[in-house]
Amino acid sequence: MTLHIGALASGRGSNLQAIMDAIDAGKLQAKVVMVVSDRQDAPAMERAASRGIPAVHLPPKEYPDRQSYDRAVADLLQQAGVDTVVLAGYMRLVSAALLARFPGRVLNIHPALLPAFPGLDGQDQAVKYGVRYSGCTVHFVDDGLDTGPIILQAVVPVYQDDTTETLAGRILKEEHKLFPAALQLLAENRLEIKGRRVLIKD
Ligand code: GRF
């Protein structure tokens, strides 16, 4: 089934770019139908607009609380025909108001091997902690902070002379492969959520 992706993004948008590139390369059966951002200046919006994909800025301060903001986001996405929501560098927690509208269809990428180093600056946390390996995780989103069932992970080494930036660069290369790969599994209907675990069907 071709995924109709709605991406939520707050920043640079390199994962969004990787997803659009994978689609163009025929590696991901999907279409990005809309990008919504909480930040007017998010470069992700430009990346979408330059491909003719509607990119909408929705300012959170115009809504009284997270639920009403998320309801407005969900309304926009559903009107655009979105069936799969991708958090592509989205810096806000999503609430049940959005998750309930796309059950089992909201995915996030996190720059660490969850459950290690959730939240902000996963790469920095890994360097400071002194782990030998880190990586990235694509997971289904639940209403916790980076706690949903894990779909795929990729591992990278952490070297003694790594800085947050060098490690982040090594992880980012993997992110750009992992997110499209997880989405393709979803497009092929091969993911089954069983409690905390995600089964990948043959
Ligand atoms: C990535 O490191 C991703 O793992 C995290 O936020 C960053 C977004 O980068 N959730 P980009 O906007 O996709 O370039």
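Residues take their numbers from the sequence shown, with the count starting at 1. Note that the structure is predicted; figures quoted are calculated from it, not measured. Each ligand, and each atom within it, is numbered from 1 in the order the structure gives.
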Mind checking who shares a hydrophobic cluster with Phe117, ILVMFWY linked at side-chain heavy-atom distances under 4.5 Å?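 Same cluster as Phe117: Val127, Tyr129, Val131, Val156, Val158, Leu167, Ile171.
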Linking Ile, Leu, Val, Met, Phe, Trp and Tyr through side-chain heavy atoms less than 4.5 Å apart, which residues share a cluster with Leu98? Leu8, Val33, Met34, Val36, Val56, Leu58, Tyr63, Tyr69, Val73, Leu76, Leu77, Val82, Val85, Leu87, Tyr90, Val94, Leu99, Phe102, Val106, Val141
Below 4.5 Å, heavy atoms only, C-beta onward: do Gln125 and Lys128 meet side chain to side chain? no
4.5 Å side-chain heavy-atom contact, Val86 and Leu16: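 Side chain of Val86 against side chain of Leu16, heavy atoms only: no contact under 4.5 Å found.
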So, does Gln153 use its side chain to make a donor-acceptor pair with the main chain of Leu114 at under 3.5 Å? yes
For ligand 1, give me the residues whose heavy-atom distance to it is below 4.0 Å, by chain and number please. Arg12, Gly13, Ser14, Asn15, Gly89, Ile109, His110, Pro111, Gln123, Glu175
For Gln78, what residues pass the side-chain hydrogen bond (donor to acceptor under 3.5 Å, both in side chains) criterion, not counting sequence neighbours?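 Here the qualifying residues are Arg101.
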